[in-house]
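Got a structure here, written out as structure tokens. Questions coming.
Numbers restart at 1 for each chain; the letters A, B, ... are given by sequence-line order, proteins then strands. Values below: all heavy atoms of this structure, side chains included; hydrogens, waters and symmetry mates excluded.
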Amino acid sequence: MPAHPTDPHSGASSWLQSRWARALPRDELQAVAGDVWERSFPAGATVATKGQAADHWMGVLEGMVKVDTNRADGRSTTFIGVSSGGWLGEGAVLKGERRPYDVVALQDSRIAFLPRASFLWLYEHSLAFNHFLITQLNARLAQFIVSVERSRIHTTAEQIAFGLASLLDPVLNPEAGCRVRISHEELGKLCGVSRQVAAKGLHTLAQQGLIRLEYGVIEVRDSTALRSAAGLAG
DNA sequence: TCATTAAATTGTT
DNA sequence: AACAATTTAATGA
């Protein structure tokens, strides 16, 4: 089968390949299948704005987004990055609250949207969906706990390793490859350090052979060693 | 296809 | 933080 002309990669991932969708029984999947829609965003575009009603649960089919908040002085703090295969925004959808943070595309990205009503239907009716949700929330909670623990004591290289490892988390970002397309500056924001400090940590990790640096790309060569460098269990 | 230009990213002070 | 150097992407002959 020839690939679609606008899509250079033959394996354009659909939301149907998402972990939660594959876990659903056929009838439950059919109940919401027609409700999902997709939209593409160029790098830098805002996917969801802080303060908006949270009417959708969002999935990253291609590309990467960050969840952050802009302060009055114009600077921003990044909380998490979500890459291919990851889903986000369930917190506000569940609680029926407004979006607490901005969601911004870091690369050209294709995002899937599941309407809140469909999300809540799955929440009420699907055991498999609830298992997925618990697993996802548990993984994210673990990430934040380790993040708080590590942010004080550890070296910058370890902080960077942690930030990188979180982008590759197999539960939260299942389809992320080993080539991470992110600038030193954005990775620094994700880790709460300056661009210079992020670059220094990256070079340390590169010297240790855990990663290889290219222009705009960080290639992870040994993800197991990277995770242990970040203080995460195997 | 190749040269030019702009934009993004990285390096240096 | 500001500036310089480098790489990539886009444009047009």
Protein-proximity profile, nucleotides 7-13 of chain B, B/S/- by nucleotide at the 4.0 Å heavy-atom cutoff, equals -BBBBB-

For a 4.0 angstrom threshold against heavy atoms of chain A, report the outermost contacting nucleotides of DNA chain C in 5' to 3' order.
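Range of nucleotides within reach of chain A: C:dA1 to C:dT8.
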
I want to check something: taking the side chain as every heavy atom from C-beta on, are A:L187 and A:V180 in contact at a cut-off of under 4.5 Å?
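A:L187 does not reach A:V180 side chain to side chain.
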
Side chains of A:W20 and A:W15 in contact at under 4.5 Å (non-hydrogen atoms)
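A side-chain contact under 4.5 Å exists here.
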
Less than 6.0 angstrom separating the ring centers of A:F129 and A:F119, yes or no?
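When the ring centroids of A:F129 and A:F119 are compared, they turn out to be within the sub-6.0 Å range.
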
Is any side-chain heavy atom of A:F162 less than 4.5 Å from a side-chain heavy atom of A:S147?
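Answer yes - side chains close enough.
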
What orientation do A:W57 and A:F132 show, parallel under 30°, tilted 30 to 60°, or perpendicular over 60°?
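Answer is perpendicular, since the angle exceeds 60°.
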
In this structure, are over 12 heavy atoms from other groups packed under 6.0 Å from A:R71 atom CZ?
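Result for CZ/A:R71: enclosed.
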
Test item: A:V197 and A:Q159 side chains (from C-beta on) under 4.5 Å apart, heavy atoms
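Not in contact.
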
